[in-house]
Engineer: 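Could you have a look at this structure, given as structure tokens, before my questions?
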Amino acid sequence: MRLLLAAVALALAMTGCGGADPRPSSGGPEKAVLNLGMLALPEVAPVQIAIDKGFFAAEGLTVKPVVIQGGAAAMPDLISGKLDVLHSNYVSAMLAAARGVGRLKVVGDAYAAKPGNFVLMTRKDSPVTKLADLKGRKVGVNTLGNVATLAVSALLKPAGVAPADITFVERPFPQMAGALANGDVDAAVLPEPFWQTAAATSGARSLSDLFTGATADFPMAGYLTTEGFAADNPRTVAAFQRGLRKAVDLAVADPAQAKAALLKYTRIDKATADLMALGGYSTTVDRARLQRVADLMLEFKGNGYLEAPFDVSTLLLPGGSS
């Protein structure tokens, strides 16, 4: 029910802020109404900003957000055309591309992890007090085989815990704190603002920051489309990129704008938003940064990630970046 409420809130907040005439003008977007799948997380704050400030509308574009559970789960909707653009973690994107599920292109960067963005949490009375204690236990993630499972695997490796030593349990982020409190999982990956809420309501405590050491400043997610959509709708993609870039620039220059945007599409209050660290918003898609993701996936070969080297340049639009 909370996920449904969050979905309704996101849709109302983001679509109620103006938009463009769906009929493209001469030289305007080929498809002026863009269906964008996304998680209601801080990393998509620039989308809300772009809608509020009219940056998309100025490009002749109406962006309609659709709440998803995770990039991997929503990938079929992007491939089928139900979604035009998908906000997804890069792990899911590279898995889909490497397995031939779809020919994908990254049309915009979203977020790089910073301290406090994602936290591995345990119950307040949990016997798990260090990472090594997770051996033989259950860890909650929003989607199996995504950036969360990869990051947990990388985090636990120095502690002598292999992916085969734990069991990943799938739960949507809005349900994760409940799963942790009820004992369905022994630890849970929680992003902002969910980990702050879990700490305040149930006393959940931090076991470790998720992105640290080998995964510090890790490229988290971007905005994807299919190769076919990009080829058939170059002006639409360019309009989306320009509107998003203006919003990202604003969020970087004035983080208060991003925190204000959060109040419109998440169920958090201003006090919680003010405590959030926020990650690294970016306006460019960099090949070297993306290759870090593919290389880490290959490091955990045999665990459902990449089984052979993957060249991320295949995901880039002509010109190498956006």
Side-chain angles (χ1 to χ4, degrees), residues 9-22 28-29 31-68 71 83-90 105-114 117 191-193 219-225 229-230 233-266 268 270 273-274 276-286 289 317 319 321-322:
L10 175 61
L12 290 175
M14 286 190 160
T15 59
C17 302
D21 188 317
K31 189 177 190 296
V33 178
L34 194 76
N35 295 310
L36 173 61
M38 61 174 61
L39 283 161
L41 294 178
E43 57 205 67
V44 299
V47 172
Q48 180 70 62
I49 292 172
I51 292 172
D52 288 350
K53 301 294 184 182
F55 295 153
F56 289 138
E59 299 290 342
L61 195 62
T62 296
V63 172
K64 291 190 173 182
V66 179
V67 175
I68 63 172
L83 296 174
D84 302 312
V85 174
L86 174 64
H87 158 246
S88 170
N89 70 86
Y90 287 126
K105 294 296 179 184
V106 180
V107 298
D109 199 25
Y111 217 52
K114 299 295 181 183
N117 292 160
E192 296 184 296
M220 288 291 300
Y223 298 93
L224 314 174
T225 192
F229 185 89
N233 302 276
R235 295 194 303 275
T236 303
V237 170
F240 175 75
Q241 291 174 321
R242 288 191 297 268
L244 183 66
R245 187 173 293 116
K246 291 176 184 176
V248 169
D249 288 343
L250 187 57
V252 170
D254 184 8
Q257 295 277 352
K259 293 185 177 182
L262 286 173
L263 305 182
K264 298 188 176 182
Y265 68 90
T266 67
I268 66 171
K270 185 177 184 302
D274 287 342
M276 293 172 64
L278 297 184
Y281 295 111
S282 174
T283 59
T284 60
V285 179
D286 182 76
R289 290 180 67 247
L317 291 169
S321 64
S322 62

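Numbering of residues begins at 1 and proceeds along the displayed sequence. In this text, all values refer to a predicted model and were calculated from it rather than measured experimentally.
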Engineer: Looking only at non-hydrogen atoms, find the nearest pair between Val33 and Lys31 and report the distance.
Structural biologist: O-NZ, 2.7 Å

Engineer: Determine the minimum heavy-atom distance between Ala32 and Gly60, stating which atoms define it.
Structural biologist: CB-O, 3.4 Å

Engineer: Show your reasoning for whether side chain to side chain contact (heavy atoms under 4.5 Å, CB included) applies to Ile68 and Leu86.
Structural biologist: CA-CA 9 Å; Ile68 63 172; Leu86 174 64; 3.5 Å; yes

Engineer: Take Lys264 and Asp52 through the test side chain to side chain contact (heavy atoms under 4.5 Å, CB included) and record every step on the way to the result.
Structural biologist: CA-CA 10 Å; Lys264 298 188 176 182; Asp52 288 350; 2.9 Å; yes

Engineer: Are any of the side-chain nitrogens in Lys270 or Asp274 under 4.0 Å away from the carboxylate oxygens of its partner?
Structural biologist: yes

Engineer: How many angstroms lie between CG in Leu250 and CD in Gln257, if you round to the nearest 0.5 Å?
Structural biologist: 4.5 Å

Engineer: Are any side-chain N or O atoms of Thr225 and backbone N or O atoms of Ala230, one a donor and one an acceptor, separated by less than 3.5 Å?
Structural biologist: no

Engineer: Spell out, as yes or no, whether a donor-acceptor pair under 3.5 Å connects the side chain of Glu192 to the backbone of Leu278.
Structural biologist: yes

Engineer: Could you grab the distance from atom CG of Leu39 to atom NE2 of His87, nearest 0.5 Å is fine?
Structural biologist: 6.0 Å

Engineer: Please confirm whether the backbone N or O of Ala110 pairs with a side-chain atom of Tyr223, one donor and one acceptor, at under 3.5 Å?
Structural biologist: no

Engineer: Give a yes or no on whether the backbone of Asn35 and the side-chain of Asp84 come within a donor-acceptor separation of less than 3.5 Å.
Structural biologist: yes

Engineer: With a 4.5 Å limit on heavy-atom distance, are the side chains of Gln241 and Val107 in contact?
Structural biologist: yes

Engineer: Using the side chain to side chain contact (heavy atoms under 4.5 Å, CB included) rule, take Lys246 and Lys53 through it: C-alpha gap first, then chi angles, then the decisive distance, then the call.
Structural biologist: CA-CA 10 Å; Lys246 291 176 184 176; Lys53 301 294 184 182; over 6 Å; no

Engineer: Less than 4.5 Å apart, any side-chain heavy atom of Leu61 and any of Thr236?
Structural biologist: yes

Engineer: In the structure I gave you, are the side-chain heavy atoms of Asp109 and Arg289 within less than 4.5 Å of one another anywhere?
Structural biologist: yes

Engineer: Rounded to the nearest 0.5 Å, how far apart are CD of Glu43 and CG of Leu262?
Structural biologist: 11.0 Å

Engineer: Could you tell me whether the side chain of Leu34 reaches within less than 4.5 Å of the side chain of Thr62, counting heavy atoms only?
Structural biologist: no

Engineer: Are the side chains of Phe240 and Pro29 in contact, using a 4.5 Å heavy-atom criterion?
Structural biologist: no

Engineer: Step by step, would you call Val67 with Tyr265 a side chain to side chain contact (heavy atoms under 4.5 Å, CB included)?
Structural biologist: CA-CA 10 Å; Val67 175; Tyr265 68 90; over 6 Å; no

Engineer: Looking at every heavy atom in both Tyr281 and Pro42, which two are closest together, and how far apart are they?
Structural biologist: OH-O, 2.7 Å

Engineer: Quick one: does Met220's side chain get under 4.5 Å of Asn117's, heavy atoms only?
Structural biologist: no

Engineer: Checking Tyr111 side chain against Gly280 main chain: does a donor-acceptor pair fall under 3.5 Å?
Structural biologist: no

Engineer: Any idea which heavy atoms bring Ala247 and Pro46 closest together, and the distance?
Structural biologist: CB-O, 3.1 Å

